[in-house]
Number of protein chains: 4
Amino acid sequence: MEFKDKQSIYLQIADYICEQIVLGQWPPGERILSVRDLAASLEVNPNTVMRAFEFLQTKGIIMNKRGIGYFTAENAPELILAFRRERFLETELPELLKTMYLLNISMEELQKRYNLFIAEEFPVKA
Amino acid sequence: MEFKDKQSIYLQIADYICEQIVLGQWPPGERILSVRDLAASLEVNPNTVMRAFEFLQTKGIIMNKRGIGYFTAENAPELILAFRRERFLETELPELLKTMYLLNISMEELQKRYNLFIAEEFPVKA
Amino acid sequence: MEFKDKQSIYLQIADYICEQIVLGQWPPGERILSVRDLAASLEVNPNTVMRAFEFLQTKGIIMNKRGIGYFTAENAPELILAFRRERFLETELPELLKTMYLLNISMEELQKRYNLFIAEEFPVKA
Amino acid sequence: MEFKDKQSIYLQIADYICEQIVLGQWPPGERILSVRDLAASLEVNPNTVMRAFEFLQTKGIIMNKRGIGYFTAENAPELILAFRRERFLETELPELLKTMYLLNISMEELQKRYNLFIAEEFPVKA
DNA sequence: GTGGTCTAGACCACC
DNA sequence: GTGGTCTAGACCACA
């Protein structure tokens, strides 16, 4: 997996995990890959994965069973969507709209790109 | 001026300068406030303003005349918009569309919020 | 390490790093000394080394891995030689030729001095 | 006249004056353009020209007659060539030779470029 | 441990 | 007056 420069890796990993959960790849209530396995598959330091897990645990999205591993919460998908919705509406959206205004990007163009994006990335639903 | 925590101050200053240029407050080819003056008005250390200037100079948005000061480039507005457009289309937009998909936010809702935003922030044009 | 007065220290450090890379002392793709260690060994402030690193990073000669350190780019030697060649041909050489003309220095004399220089500085190759 | 970034303007002006003298454009013992005239023609601040004059005066290349202006010394061309020769041999040449070695530029190529340069810049002598 | 940022303050060359 | 560089020292997030 490749990481962006501008955001810390552990947060990008946390986002990745959330995405997998929301997309149904990691069912609620089930055990997650171990820290070292995930670290190996992502090619990062285990400490970094650990931090992502701890971060998600504080949010209640995953929880730890001592000596066994981490498990996704039963309501993990709902929790994640709620957090993300909040972040989107309160911080990302205002910046987006401002940028669209400054760059003079129309809603029509956005709509067109949205259709393209869906067709490419999630062809199943489309 | 107040600064956010999540981004470094000097980059926020650079963004601020770009915004002033794009909005036509600082005309192309004109002299910018001196490092010291801008630092005083923003209440930061001159070194921090200096970093912002250096950053913008490497982008070709402003340039230095020895012993006199910094000047906005003649094509500064176009340059800034080009940079921002590239960043938007290549990194911000994909994230946005993905989030919209995950959160199941419709284009109609986005349109509604855009109209609201324009009415509030830039009532003149609206 | 000793520094000249006429050029800023951080640029001299950048030059020094480039020289080490070109001469094969610091292999491409390998980790560089940490900012603090290099600063200590050169007896300068860490900030000064940091500036040199930032400068080289913008040139693509070195790159950063978060929390780990700086690494020389795989194509660093080629990049450096390309930059240097360009600078030499476009700015240094014209001045040199002009000076030689004004001073009435012949190519023969230059050749003689070149042979002497090689014999002294790089006796292995010679 | 256009100036390079890396060297101070007043020194570039001093070099320009020296060049004119050596090339015979400004005869020894004659009066030089006034500070303000030269400043106007070079499009720089008169103070900057003043500094160049003062610098050349300390070298004995030009001298001031109060209330009249600056005059080139009778032995100006010889003085200039002596200074320039020293600078060339002691500082410029070693760097040049090192660069040539690193860039693997042969004397033959240098000779070729020298011939080209002479033909272009000083066709009279050629 | 790593880099990154910021401040405070000094000193410099230059226009 | 202008920018430019350097130091010292602090604090932070990150791996």
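Chain A is the first sequence line, chain B the second, and so forth, proteins listed ahead of strands; every chain is numbered from 1.
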Point to revise | Residue-phosphate contact under 4.0 Å: B:Thr48 side-chain N/O, E:dC6 OP1/OP2 | key: no
Review point. Is there side-chain contact between C:Glu92 and C:Arg84, with at least one heavy-atom pair below 4.5 Å?
Key: no
Point to revise | B:Arg66 side-chain N/O to E:dC14 phosphate OP1/OP2 under 4.0 Å | key: no
Check your understanding: Closest nucleotide of DNA chain F for C:Ser8 versus for B:Ile32: which of these residues is on the 5' side?
Key -> B:Ile32
Exercise for review: Please tell me which of C:Gln57 and B:Val44 maps to the more 5' nucleotide of DNA chain E, matching each residue to the nucleotide holding its nearest heavy atom.
Suggested key: C:Gln57
Review point. Mapping D:Gln7 and C:Asn64 onto DNA chain E by nearest heavy atom, which one lands closer to the 5' end?
Key: C:Asn64
**Study point:** Whole-Å distance separating the CD atom of D:Gln12 from the P atom of E:dA13
**Key:** 18 Å
Check your understanding: Is there a side-chain contact between A:Ile61 and A:Phe55 (heavy atoms, below 4.5 Å)?
Key -> no
Review point. Cation over ring, C:Lys65 on C:Tyr70, under 6.0 Å and within 45°?
Key: no
Practice item. Mark yes or no for a side-chain to base donor-acceptor pair under 3.5 Å between B:Asn47 and E:dG9, with no hydrogen or angle criteria applied. Key: yes
Review point. Any side-chain heavy atom of D:Val49 within less than 4.5 Å of one from D:Tyr10?
Key: no
Check your understanding: Does the side chain of D:Ser8 come under 3.5 Å of the side chain of B:Arg66 through a donor N or O and an acceptor N or O?
Key -> no
**Study point:** Separation of A:Asn64 CG from A:Phe71 CZ (nearest 0.5 Å)
**Key:** 9.0 Å
Review point. How many Å lie between CD on C:Glu54 and P on E:dG3, as a whole number?
Key: 12 Å
Practice item. May I ask you to verify whether the side chain of B:Arg36 and the base of F:dG3 hold a donor-acceptor pair under 3.5 Å? Key: yes
Revision key, fill the gap. Stems field, DNA chain E, Watson-Crick or wobble, 3.5 Å, at least 3 pairs, by first number, holds E:1-14 with F:1-14
Check your understanding: Does D:Arg51 make a side-chain N or O approach to OP1 or OP2 of E:dC15 shorter than 4.0 Å?
Key -> no
Review point. Is the shortest heavy-atom distance from the side chain of D:Asp15 to the side chain of D:Glu19 under 4.5 Å?
Key: no
Study note, to complete from the structure: Whichever of A:Asn45 and C:Tyr10 has the more 5' nearest nucleotide on DNA chain F, that residue is C:Tyr10
